[in-house]
Structures are given as structure tokens and as C-alpha cells.
Amino acid sequence: MDLVPSFELTETQQQLRGEIQRFVDNEIKPLDLNEYEWQDDPHERTPWDVVDAAGEMGLKNLAAPVEYGGMGASALTLTMAVEEIAVGDLGLAVLFDQTWKISRIIAEMADDDLRERFFEDFIDDPRHILAVTFTEPANGTNYIVDYEGMQFNTTAEKDGDEWVINGHKHYISNGADAKTYVVFAQTDPNAPAKDGTTAFLVPHDTEGFEVTHIHEKISQRIVNNATLEFNDVRVPEAHVLGEVDRGKTRTGEVLKESHIEAGASVLGVARRAFEDAWEYAHQRTQGGKPIVEHQVIGHDFAQMATEIQAARSLLWTAARAVDEQGEGYDHEYGHMAKVFAADTAVDVTERALTKFGGSGIMLETPIQKYHRDALSFQHSDGTQEGHRENILAHMST
């Protein structure tokens, strides 16, 4: 059962979708992700052979500029692509989606020399993944729902022709494995974050930078989230991305599709749960017939399919708005799309899990993993409450 309306995609997008689906079928679905998830060494939880294979087919470079060897994908293409990868695994989808977003930040905000040097290293290294550092112990949804007094606790001060970064970030996706980080630090202590934050490019081997902790999670265990420490980390002036004090604001302008992609990734998990449960419901017999033939079960599948299609319609509408409206894009669409898709994923994965009865909560049955993964987007990329607050703000203007 194909729940994706391919008639809404161009021929090129349909071709890419087919390539990603084959990649997922051949490289990700055959893996025992349960075995990867519970490895003692967090670095062994990521199937790096799959990351390498994705690099060979150009997936990692999907959002990178064409002139540097990337695909320069549109918002709709990225939205479609991340859903398809998440059908294989949400953690891997997050690994690539974060890298896509950050490569866009660097492409749009780095000066010519830094951009050239970065992409020269990035394009041909399949394991050169990226991380962005917003979240701090005191600042999570704060940076999604901005308020006048919000500031980052991580700071950067100018010292000659260098900047010195000090601070602490946590829960950072790709944080333990990235080779390059985009770090947001408060550079004007007298201004709110939107007017006093600067973005810096920090290579993983910079002196004073350290990954101090890898978080244990119930969700997205295939991708590592980490705590990062910055102790007198020195970066040259050339590593400033965009204008000083305007990093946070400019990033929001560049990544209009960020929340849309987040919603699409978790929708991919809902689709995988639906597909597995649909197949199982035709095989599992109770009461003398396959359980899908019991009306109460069949109607539940009809409801799940409807929710998935509705969520995708909202996501794709928002993505098209990014592609077509440019600077006039209304960010309300992205907030709505993320909220609806994330709630849909939790609902669908829970309903799908119940179709497996008692086996659904057993670790050897993959359906429980999909539900665990879906729960992460109740807060990942901003809490649902934070996004609803932004929707309300748009409604009130």
C-alpha cells in the first residue's frame, strides 16, 4: 500500500524517491536494528556501513550547493527524502537531516573562502556529518519561542583576530560523531539572543572543545546525542558565519524548512509502523479470520491512513510555500506541520503497536521501537507546546 501521492512530485523527485526507497529496502531494512540499538559502545550503534553507502549515492550531500558537488535540493525534495529514510530508521533520518540543514547554513552564511574549504572536505567524506548547537540546560524551547530576555549561556568574546568560546551544550544530535559543528554563542551580553548571538564554525578537533557525555535514550538510539564543553575554544574571525550578533536570526531565515523536515522525519516512522501492522494484520488470525477483517481493526487502519495522508498534505503544502514564497514565507505553516505530524506519529505508532497484542511490547518485535522513536518528536526540534505558542502568536497578529 503506497501512502505517498507521487502525482504531486516531479519526475526527478519521483526518481529520487524510488532510489531512496530501494536504498532503504536493500541497506536499512535487512539490518537487525535491535542489535545496533543496545550496543554498549554508543559509537557502534550507528551502522556506519549504511552511512558510507548513502554517501556513495549522494544522500549526505543532498542539500549542498550544486557548484560544490551537492544536489541543491528544494524544501519539498528534502521533506520527501527524509520521510523515506525514516521509513528505514528515524535515527539515520535525523543524522542526515541535521547534516542537510547545517550544510545549508554554511552554504548561505560562510564567506567564500571558508565555504570553499569546508565543502572541499565535506563532499567526498561520507562520514563527515554535522551538528548544530542550540540546546543548553537552561535553553531548550527558549530558542523556538523567543522572548526579549532570552540569552544563550554559552558566550564568545573577541580577542584580537580570534573569538574565544566558553560554555556548555547538551542533547546535541550528531554531537558525539560530527566532524564540524555550528556553535551559537552570545556575543552581546546586553542584547536578547535574536540581536546578540553569533554563529561559529568549529571543527571537532579544535583545542578546548570536548564531547563529555553521550546521552542514553529510549528514542533515536541509532544516532548519538551528546553534551559538549567549550573551554577557551579559539576560532579565527573567518569562522564567523554571517554577521556578528545576527547568527540566530539569520539561521531562522535560511532554514525556513527546518520544522517541516522534522515533521516529515517522524511521519516516516508512522508510515513504517502502519505498513508493518497492515502486513501483520493480514497474517494474524483470531476469531477464525485475519484480524484486519474484524471491522473494529479495519476501521482503525482506515483512520491511521487518513491521518498519515493529512499530515503529509500539510507538510508538503508548507514545503511548497518555502520553495515558492521565498522571503514572504509564513513560518506558521512550518509550526503547524511539525505539530500535526508529530502528534500523528505518536497516535499511529501506538495504534499500530496494539495490533501486535502482547508481542508488541517485546524488544524483539520492531513495532515497539517505532513508538519509542516517535515519542522523541514531542520535544525534538522544539516542544509541541512551543510550536503551538508560535502558531497562536501568528494568529494574534
Side-chain angles (χ1 to χ4, degrees), residues 60-68 70-79 81-82 94 96-119 122-123 129-135 143-146 150 152 156 172-174 178 180-187 192-202 238-265 315 318-335 337-338 380-382 387 390 394:
K60 190 205 64 164
N61 301 328
L62 200 58
V66 173
E67 59 265 34
Y68 295 113
M71 297 187 187
S74 68
L76 179 58
T77 298
L78 294 171
T79 298
V82 77
V94 168
F96 287 111
D97 189 44
Q98 290 291 305
T99 298
W100 296 342
K101 292 175 182 178
I102 300 154
S103 65
R104 293 242 302 112
I105 293 174
I106 296 169
E108 294 286 337
M109 294 172 59
D111 66 25
D112 292 343
D113 181 62
L114 179 61
R115 184 165 53 245
E116 184 83 32
R117 287 188 286 112
F118 168 78
F119 281 109
F122 173 77
I123 289 292
I129 63 173
L130 309 175
V132 64
T133 68
F134 281 113
T135 306
Y143 75 82
I144 299 293
V145 183
D146 215 350
M150 187 264 169
F152 285 105
I172 304 303
S173 298
N174 289 347
T180 303
Y181 298 77
V182 171
V183 178
F184 289 84
Q186 192 76 24
T187 45
K194 64 185 179 67
D195 299 316
T197 297
T198 303
F200 300 91
L201 187 146
V202 179
H239 280 217
V240 171
L241 300 173
E243 295 181 38
V244 171
D245 295 334
R246 300 292 293 169
K248 179 179 182 295
T249 298
R250 178 61 181 143
T251 298
E253 295 168 352
V254 170
L255 295 184
K256 299 179 183 69
E257 70 275 17
S258 176
H259 305 316
I260 305 166
E261 290 173 37
S265 62
L315 289 163
R320 281 200 177 86
V322 170
D323 290 332
E324 296 173 6
Q325 294 178 0
E327 295 302 317
Y329 170 71
D330 187 345
H331 287 262
E332 180 180 17
Y333 299 146
H335 296 300
K338 190 270 180 180
S380 187
D381 204 67
H387 286 286
N390 281 327
H394 280 274

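Quick caveat: nothing in here was measured; it's all calculated off a predicted structure. Just so it is clear, the values below take in all heavy atoms, side chains as well, and ignore hydrogens, waters and symmetry mates.
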> When rounded to the nearest 0.5 angstrom, what is the spacing between CG in Asn390 and NE2 in His335?
Replying inline: 4.0 Å
> Once you round to the nearest 0.5 Å, how far does CZ of Phe118 lie from CD1 of Ile102?
Replying inline: 8.5 Å
>> One thing to verify: whether Asp112 and Arg115 come together as a salt bridge, which I'm taking to mean a side-chain N less than 4.0 angstrom from a carboxylate O.
In response: yes
> Quick one: does Phe152's side chain get under 4.5 Å of Lys248's, heavy atoms only?
Replying inline: yes
>> Working note: Thr251 + Phe184, criterion side-chain contact (heavy atoms from CB on, under 4.5 Å); need CA distance, chi angles, decisive distance, verdict.
In response: CA-CA 10 Å; Thr251 298; Phe184 289 84; 3.3 Å; yes
> Would a distance-only check, ignoring hydrogens and angles, find a side-chain to backbone donor-acceptor pair under 3.5 Å from Arg250 to Met109?
Replying inline: no
> For Thr187 and Asp245, does a side-chain donor sit closer than 3.5 Å to a side-chain acceptor?
Replying inline: yes
> Would Gln98 and Leu130 satisfy side-chain contact (heavy atoms from CB on, under 4.5 Å), going step by step from the backbone distance to the final call?
Replying inline: CA-CA 7 Å; Gln98 290 291 305; Leu130 309 175; over 6 Å; no
> When rounded to the nearest 0.5 angstrom, what is the spacing between OG1 in Thr180 and NE2 in His239?
Replying inline: 9.0 Å
>> If you compare all heavy atoms of Gly70 against all heavy atoms of Ile123, which two are closest, and at what distance to 0.1 Å?
In response: N-CD1, 4.1 Å
>> Looking at Phe122, I'd like to know if the NZ or CZ of Lys60 sits under 6.0 Å from its six-membered ring centre while staying within 45 degrees of the ring's axis.
In response: yes
> Can you name the closest pair of heavy atoms from Ala81 and Leu62 and give their distance?
Replying inline: CB-CD2, 3.7 Å
> So which of Glu332, Glu327, Glu324 actually passes salt bridge (charged side-chain N to carboxylate O under 4.0 Å, His left out) with Lys256?
Replying inline: Glu327
>> Could you check whether any side-chain N or O of Asp111 sits under 3.5 Å from a backbone N or O of Leu114, counting only pairs where one atom can act as donor and the other as acceptor?
In response: yes
> Which is it for His259 and Tyr333 under the side-chain contact (heavy atoms from CB on, under 4.5 Å) test, yes or no, and what are the steps along the way?
Replying inline: CA-CA 9 Å; His259 305 316; Tyr333 299 146; over 6 Å; no
> Which heavy atom in Val244 sits nearest to a heavy atom in Val240, and how many Å separate them?
Replying inline: CG2-CG1, 4.2 Å
>> Just checking Glu253: does its CD atom have more than 12 heavy atoms from other residues, nucleotides or ligands closer to it than 6.0 angstrom?
In response: yes
>> What's the separation between atom NZ in Lys338 and atom CG in Leu315, rounded to the nearest 0.5 Å?
In response: 11.5 Å
> Checking side-chain contact (heavy atoms from CB on, under 4.5 Å) for the pair Leu201/Ile106: CA distance, chi angles, key distance, verdict?
Replying inline: CA-CA 8 Å; Leu201 187 146; Ile106 296 169; 3.8 Å; yes
> Okay, side chain of Asp381, backbone of Ala262: is any donor-acceptor separation there less than 3.5 Å?
Replying inline: no
> Atom CG in Leu78, atom CZ in Phe96: separation rounded to 0.5 Å?
Replying inline: 13.0 Å
> If you take all heavy atoms of Thr197 and Gln186, which pair is closest and at what distance?
Replying inline: OG1-OE1, 3.6 Å
>> What's the separation between atom CE in Met71 and atom OG1 in Thr77, rounded to the nearest 0.5 Å?
In response: 10.0 Å
> Does the ring center of His394 lie less than 6.0 Å from the ring center of His331?
Replying inline: no
> Under 3.5 Å, is there a donor-acceptor pair between the side chain of Ser103 and the main chain of Trp100?
Replying inline: yes
> Does His387 reach the main-chain N or O of Gly334 with its side chain, forming a donor-acceptor pair under 3.5 Å?
Replying inline: no
>> With a 3.5 Å distance limit and no angle check, can you tell me whether Glu257 reaches the backbone of Ala75 through a side-chain donor-acceptor pair?
In response: no
> Any side-chain heavy atom of Phe200 within less than 4.5 Å of one from Val182?
Replying inline: no
